[in-house]
Amino acid sequence: LPEQLPMLTLKGVGRAAVADPPTAILEVGDLGTFVVRPGDVLSLQNLPGENVLRIKSIDDISVTVEAGSFGEIIVVR
């Protein structure tokens, strides 16, 4: 995890209906808690540098996140 990024914590995963895309509740350090779906982009404007989180995928126990301009992959469980 790049030093500039806050701690990422998965709080929950679910679906509104079986056919709906999965959603996750992702806590991003002290910046807040967000409901995210695959394809969402979170801009962390309060931090130095280019800090963007791209939600790549969500499954039953984890969220795969692409972080920063180098595309580092982080699996949050």
Side-chain angles (χ1 to χ4, degrees):
L1 188 61
E3 288 182 25
Q4 308 93 315
L5 289 178
M7 177 67 84
L8 303 176
T9 306
L10 179 61
K11 294 296 190 177
V13 175
R15 294 176 191 264
V18 175
D20 291 341
T23 58
I25 301 170
L26 186 64
E27 183 179 14
V28 183
D30 295 334
L31 300 176
T33 303
F34 303 90
V35 176
V36 296
R37 291 183 226 173
D40 284 356
V41 176
L42 298 176
S43 176
L44 308 179
Q45 297 178 0
N46 295 340
L47 300 175
E50 182 182 340
N51 291 307
V52 174
L53 300 178
R54 292 175 184 84
I55 308 304
K56 302 304 273 183
S57 65
I58 299 172
D59 62 32
D60 292 339
I61 61 166
S62 66
V63 176
T64 303
V65 178
E66 181 180 337
S69 57
F70 294 113
E72 184 172 355
I73 299 296
I74 301 166
V75 178
V76 184
R77 295 186 180 181

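If you're wondering where the values come from, they're calculated on a predicted model, not measured in any experiment.
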In short, D40 meets V36 closest at the heavy-atom pair OD2-CA, 3.4 Å
If you take all heavy atoms of G29 and P6, which pair is closest and at what distance?
CA-CB, 3.7 Å
Under a single-linkage definition using a 4.5 Å side-chain heavy-atom cutoff for Ile, Leu, Val, Met, Phe, Trp and Tyr, are I58 and V75 assigned to the same hydrophobic cluster?
no
Hey, quick one: are L31 and L42 part of the same hydrophobic cluster, counting side-chain heavy atoms closer than 4.5 Å, chains of contacts allowed?
yes
Does the side chain of [X] reach to within under 4.5 Å of the side chain of [Y], using non-hydrogen atoms?
| X | Y | result |
| --- | --- | --- |
| D59 | P22 | no |
| I25 | T33 | yes |
| T9 | V76 | no |

What is the distance from atom [atom1] of [X] to atom [atom2] of [Y], rounded to the nearest 0.5 Å?
| X | Y | atom1 | atom2 | value |
| --- | --- | --- | --- | --- |
| R54 | I73 | CZ | CD1 | 10.0 Å |
| E66 | I74 | CD | CD1 | 9.5 Å |
| L53 | L44 | CG | CG | 4.5 Å |
| I55 | T23 | CD1 | OG1 | 11.5 Å |

More than 12 non-hydrogen atoms from neighbouring residues, nucleotides or ligands closer than 6.0 Å to CG on D20, yes or no?
yes
Counting neighbours of CZ on R15 that are heavy atoms of other residues, nucleotides or ligands and sit closer than 6.0 Å, is the number greater than 12?
yes
Passing candidate, side chain to side chain contact (heavy atoms under 4.5 Å, CB included) with S57, options V63, V65, T64:
T64
Report the C-alpha distance between I61 and V13 in whole Å, list the side-chain angles of each, state the deciding distance to 0.1 Å, and finish with yes or no for side chain to side chain contact (heavy atoms under 4.5 Å, CB included).
CA-CA 7 Å; I61 61 166; V13 175; over 6 Å; no
I'd like to know if the side chain of R77 and the backbone of S62 have a donor-acceptor N/O pair within less than 3.5 Å.
no
